[in-house]
Protein chains: 2
Amino acid sequence: MIEKRLETSILLGIYEAAIKLVSKNVEFVQKAGLSNQQWIILIHLAKDPNLPYLIREKHDKPMMASELALSLGVTRANITNLLSVLMDKKLVKQIEDKDDRRIKRLTLTPKAEKMISEMSPERMKSNEMHLKGFTKVEKEQFLVLIQKITQNIINDKS
Amino acid sequence: MIEKRLETSILLGIYEAAIKLVSKNVEFVQKAGLSNQQWIILIHLAKDPNLPYLIREKHDKPMMASELALSLGVTRANITNLLSVLMDKKLVKQIEDKDDRRIKRLTLTPKAEKMISEMSPERMKSNEMHLKGFTKVEKEQFLVLIQKITQNIINDKS
DNA sequence: TTTAATAGTTAATATAATTAACTAATTTTC
DNA sequence: GAAAATTAGTTAATTATATTAACTATTAAA
């Protein structure tokens with residue numbers, strides 16, 4: 001018999017929320033013909049200021065594949081695959097970095113920029129719906145706490 | 001240029017926390033030779049009272065595959081595959097329901113019960129670490145809010 | 001200047017998940 | 001009560017997702 005624990009309930013709660021998000025929220029993403037991962041990559045390249053990774057680390061230059069791998073928690077090889085699909089779709093371009101010739105900077109094509117801005121209203125509406133019934137203060141508090149939890153998880157080198 | 005939005009930051013925050021959880025938290029799960037999905041199934045069958053799905057719906061009888069599919073947000077066919085691996089590992093057993101002969105009830109073997117209870121201390125320690133620095137009140141509030149968000153996502157039939 | 005580390009790719013493979021078609025059993029509807 | 005619809009689970013084929021290991025090229029560190 002497993003006992004009830006506040007901490008366990010919270011972590012399983014976060015996990016389930018994420019599952020439901022990707023399996024339902026994706027409507028506006030699916031409509032655009034994108035997988036969840038592809039969408040996440042695109043908003044990284046669009047420098048969406050809501051992305052935790054971009055909140056934590058400043059980014060002046062365009063992103064590179066290894067940073068995406070870090071943020072998404074997958075291997076670089078996997079990112080290579082994902083990017084090749086996005087390049088086939090003419091949504092992403094690679095540009096060689098002159099300062100460090102190992103690096104390829106990733107940028108969105110005009111087509112992708114347009115796509116993202118057209119998706120924006122639906123995305124905003126959907127996200128607002130998912131936080132229906134919350135006060136501004138509650139939202140602000142929640143954001144602080146979820147960031148703290150993520151930081152704890154990242155810091156835990158056990 | 002995508003604008004900063006509290007709602008978007010929160011949802012991306014939840015998503016990232018879940019990613020980091022499954023790609024790091026899994027230490028005690030990996031040690032047991034289980035995938036994340038396999039582990040989640042086992043705690044469902046163990047009736048872990050911290051599982052959102054079991055918090056929402058009462059379950060007197062042992063679970064069945066289609067309930068797992070619902071809770072995990074995957075197809076029944078996928079659950080069939082996952083279960084067959086767990087049965088090969090002698091961790092899960094199927095028992096036919098006498099009242100409704102379409103149904104197969106899923107139960108843990110003694111081996112699985114033992115495994116889960118042996119994993120319990122490490123699991124609790126890990127979960128507590130991830131909520132380090134939170135007061136009890138903060139945890140309680142957070143739990144309420146994450147449950148509310150999940151409910152919003154589920155209810156959203158858009 | 002050798003050695004080590006980093007960035008990205010490739011090929012082979014493994015894992016995870018889906019769709020579609022199917023059987024069997026139960027429920028609903030007329 | 002019989003036909004139609006729904007539900008539970010499985011199977012087979014396929015697709016999507018991700019990994020590991022080996023490799024090239026480049027840069028940084030010793």
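A, B, ... follow the sequence lines: proteins, then strands. Residue 1 opens every chain.
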d([atom1], [X]; [atom2], [N]) in whole Å:
X: Asp97(A); N: dA25(D); atom1: CG; atom2: P; answer: 19 Å
X: Arg101(A); N: dT27(D); atom1: CZ; atom2: C1'; answer: 11 Å
X: Ile103(B); N: dA8(D); atom1: CD1; atom2: C1'; answer: 7 Å
X: Asp99(B); N: dA25(C); atom1: CG; atom2: C1'; answer: 13 Å
X: Lys98(A); N: dT26(D); atom1: NZ; atom2: P; answer: 16 Å
X: Arg102(B); N: dC22(C); atom1: CZ; atom2: C1'; answer: 16 Å
X: Glu96(B); N: dA24(C); atom1: CD; atom2: C1'; answer: 11 Å

Please list, for nucleotides 15-19 of chain D, all pairs of protein and nucleotide N/O atoms separated by less than 3.5 Å.
unit_1	atom_1	unit_2	atom_2	d
dA18(D)	OP1	Gln37(A)	NE2	3.2
dA18(D)	OP2	Gln37(A)	NE2	3.2
dA18(D)	O5'	Asn78(A)	ND2	3.2
dT19(D)	OP2	Thr75(A)	N	2.9
dT19(D)	OP2	Thr75(A)	OG1	2.9

Does any N or O in the side chain of [X] come within less than 3.5 Å of the main-chain N or O of [Y], such that one atom is a donor and the other an acceptor?
X: Asn50(A); Y: Arg5(B); result: yes
X: Lys111(A); Y: Lys89(A); result: yes
X: Ser126(B); Y: Glu122(B); result: no

**Q.** For Glu7(A), the option from Lys139(B), Lys136(B), Lys125(B) that meets salt bridge (charged side-chain N to carboxylate O under 4.0 Å, His left out)
**A.**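 The salt bridge (charged side-chain N to carboxylate O under 4.0 Å, His left out) with Glu7(A) is passed solely by Lys139(B) among Lys139(B), Lys136(B), Lys125(B).
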Q) Angle class for the Phe142(A)/Phe142(B) ring planes (parallel below 30°, perpendicular above 60°, tilted otherwise)? A)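 Answer is parallel, since the angle falls under 30°.
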**Q.** Geometric class of the Tyr53(B)/His44(B) ring pair [parallel <30°, tilted 30-60°, perpendicular >60°]
**A.** tilted
Q. When all nucleic acid strands are considered with a 4.0 Å heavy-atom cut-off, which category describes Gln94(A): base, sugar-phosphate, or nothing?
A.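 Result for Gln94(A) = sugar-phosphate.
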